[in-house]
Undergrad: 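Below is one structure. I have some questions about it.
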Number of protein chains: 2
Amino acid sequence: MDGQKTGIDITLEVVCGKWKGLILWKLLHENHMRFNELRRAIDGNISSRILARELKKLVDDGLVARIDYETVPPRVEYQVTPYGKTTASFLTNMNNWGMEHKRQSATKREMADLINREK
Amino acid sequence: MDGQKTGIDITLEVVCGKWKGLILWKLLHENHMRFNELRRAIDGNISSRILARELKKLVDDGLVARIDYETVPPRVEYQVTPYGKTTASFLTNMNNWGMEHKRQSATKREMADLINREK
DNA sequence: CGGCATCCCGTCCGATACTG
DNA sequence: CAGTATCGGACGGGATGCCG
């Protein structure tokens, strides 16, 4: 029974949450960014606290490298590791799907919200 | 600056969390399953409460259809909608990546756990 | 069989303020 | 500039038990 092994859970562990996928995606296209540069590059207003935390997770997972120049004022750069670059394959697909279905998702979510409000 | 629009956030809204992607993936390969059948098909021991909740989200998002035969005892079947089937594109890629990197992810996580214990 | 009710905990996400 | 401290709310996930 079953027999269908999946790697989906593994992948979700890596990109799940509101930000990690987005951060990875941005870094993949720039190959090295400073903290606030990255912060500004992300559309949805991410706070520095959240960005710091999510970046740390990505570093812990070996997807992103953190380079601290140890200067004053501080200068830290982030870039995707070779391992992290392998995520580009599915991130590209996720991005394409999201772009194609942006409209539909929005309206469906509005409907769901309306139903929830009625309760 | 920026200019890079992303659909990644949209996609993450749909499959994020520990289970939704997995449920969708299972349903995509069976095209109609009953509640407990689906429950048993999922490896990681999902509770009925969680499965019910996650399925409801997928139904609300229009990715899964719920067919209630209104019989006693109850018989409910779930199947992926045409819209839901469009997720197969990126889910396949996510699955492939996860399968390829299962080992690495495991060891990296163990290391992270060790570091956390030391604190 | 296919759920829902209750309780609980840990994580996620966020605003604000502050620091070396 | 690159974060950390603090506080708090929302959500995800799980154990247990009950119901039509």
Side-chain angles (χ1 to χ4, degrees), chain A residues 8-9 12-24 26-27 30 32-61 64-79 109 112-113 116-117 119, chain B residues 1 8-9 12-24 26-27 32-61 64-79 109 112-113 116-117 119:
Chain A
I8 294 206
D9 48 346
L12 281 175
E13 281 180 15
V14 168
V15 294
C16 199
K18 188 171 174 181
W19 300 113
K20 276 161 72 184
L22 219 47
I23 294 168
L24 217 42
K26 291 289 181 186
L27 284 176
E30 302 289 341
H32 68 85
M33 291 179 91
R34 300 183 59 171
F35 186 86
N36 279 318
E37 183 186 6
L38 178 56
R39 191 153 114 81
R40 282 186 299 269
I42 293 177
D43 340 351
N45 282 7
I46 187 172
S47 71
S48 62
R49 169 163 140 55
I50 302 298
L51 179 56
R53 190 184 56 191
E54 300 303 313
L55 274 171
K56 191 170 287 182
K57 289 181 204 162
L58 290 170
V59 171
D60 286 348
D61 281 351
V64 168
R66 183 195 135 109
I67 302 131
D68 191 339
Y69 290 88
E70 298 187 356
T71 59
V72 179
R75 172 189 177 87
V76 180
E77 286 187 356
Y78 292 90
Q79 64 180 37
R109 302 221 146 254
D113 284 348
N116 286 330
R117 307 247 166 138
K119 288 176 186 172
Chain B
M1 334 301 111
I8 294 208
D9 48 346
L12 281 176
E13 281 179 16
V14 168
V15 294
C16 199
K18 188 172 174 180
W19 299 114
K20 277 161 74 183
L22 220 46
I23 294 168
L24 217 42
K26 291 289 180 186
L27 284 176
H32 70 85
M33 292 179 91
R34 299 182 60 172
F35 186 86
N36 279 319
E37 183 186 6
L38 178 57
R39 191 153 114 80
R40 282 186 298 269
I42 292 177
D43 342 348
N45 283 6
I46 187 172
S47 72
S48 63
R49 169 167 135 56
I50 302 297
L51 179 55
R53 190 183 58 189
E54 300 304 313
L55 274 171
K56 189 170 286 183
K57 289 181 202 164
L58 290 170
V59 171
D60 286 348
D61 282 350
V64 169
R66 185 195 134 107
I67 303 128
D68 190 339
Y69 290 88
E70 298 187 356
T71 58
V72 179
R75 172 190 176 87
V76 181
E77 285 187 357
Y78 293 90
Q79 64 180 37
R109 300 217 151 258
D113 284 349
N116 285 331
R117 307 239 168 145
K119 288 176 187 170

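Within every chain, numbering begins at 1; the chains are lettered A, B, ... in the order of the sequence lines, protein sequences first and strands thereafter. Just the heavy atoms: all of them, side chains too, but no hydrogens, waters or symmetry mates, feed the values below.
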Undergrad: Looking at B/Trp19, does any N or O in its side chain come under 4.0 Å of the phosphate oxygens OP1/OP2 on D/dG14?
TA: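 True: B/Trp19 side-chain N/O within range (under 4.0 Å) of D/dG14 OP1/OP2.
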Undergrad: Pick base, sugar-phosphate or nothing for B/Arg34, based on heavy-atom distances below 4.0 Å to the nucleic acid.
TA: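 Answer is sugar-phosphate: B/Arg34 comes under 4.0 Å of backbone atoms only.
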Undergrad: Should A/Lys57 be listed as having a side-chain N or O under 4.0 Å from OP1 or OP2 of C/dC12?
TA: yes
Undergrad: For C/dC4, take OP1 and OP2 only and decide whether either is under 4.0 Å from a side-chain N or O of B/Lys56.
TA: yes
Undergrad: Check step by step if side-chain contact (heavy atoms from CB on, under 4.5 Å) holds for B/Ile67 and B/Val76.
TA: CA-CA 6 Å; B/Ile67 303 128; B/Val76 181; over 6 Å; no
Undergrad: Should A/Lys18 be listed as having a side-chain N or O under 4.0 Å from OP1 or OP2 of C/dG14?
TA: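 For C/dG14, OP1/OP2 do have a side-chain N/O of A/Lys18 under 4.0 Å.
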Undergrad: How long is the span from the CH2 atom in B/Trp19 to the CD1 atom in B/Ile46, to the nearest 0.5 Å?
TA: 5.0 Å
Undergrad: Between the protein and nucleotides 17-20 of chain D, are there any N/O to N/O pairs under 3.5 Å, and if so, what are the atom names and distances?
TA:
none

Undergrad: A/Arg40 CZ to D/dA2 C1': how many Å, rounded?
TA: 12 Å
Undergrad: Rounded to whole Å, please give me the gap between OH in A/Tyr78 and C1' in D/dA2.
TA: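 Taking OH of A/Tyr78 and C1' of D/dA2, I get 7 Å after rounding.
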Undergrad: Using heavy atoms to find the nearest nucleotide of DNA chain C for B/Val76 and A/Ser47 separately, return the residue whose nucleotide is more 5′.
TA: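 So the residue in question is B/Val76.
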Undergrad: In whole Å, I'd like the distance from the CD1 atom of B/Ile23 to the P atom of D/dG12.
TA: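 Whole-Å distance recorded here is 12 Å.
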Undergrad: Please check if atom CG in B/Asp68 has more than 12 non-hydrogen atoms from other residues, nucleotides or ligands closer than 6.0 Å.
TA: yes
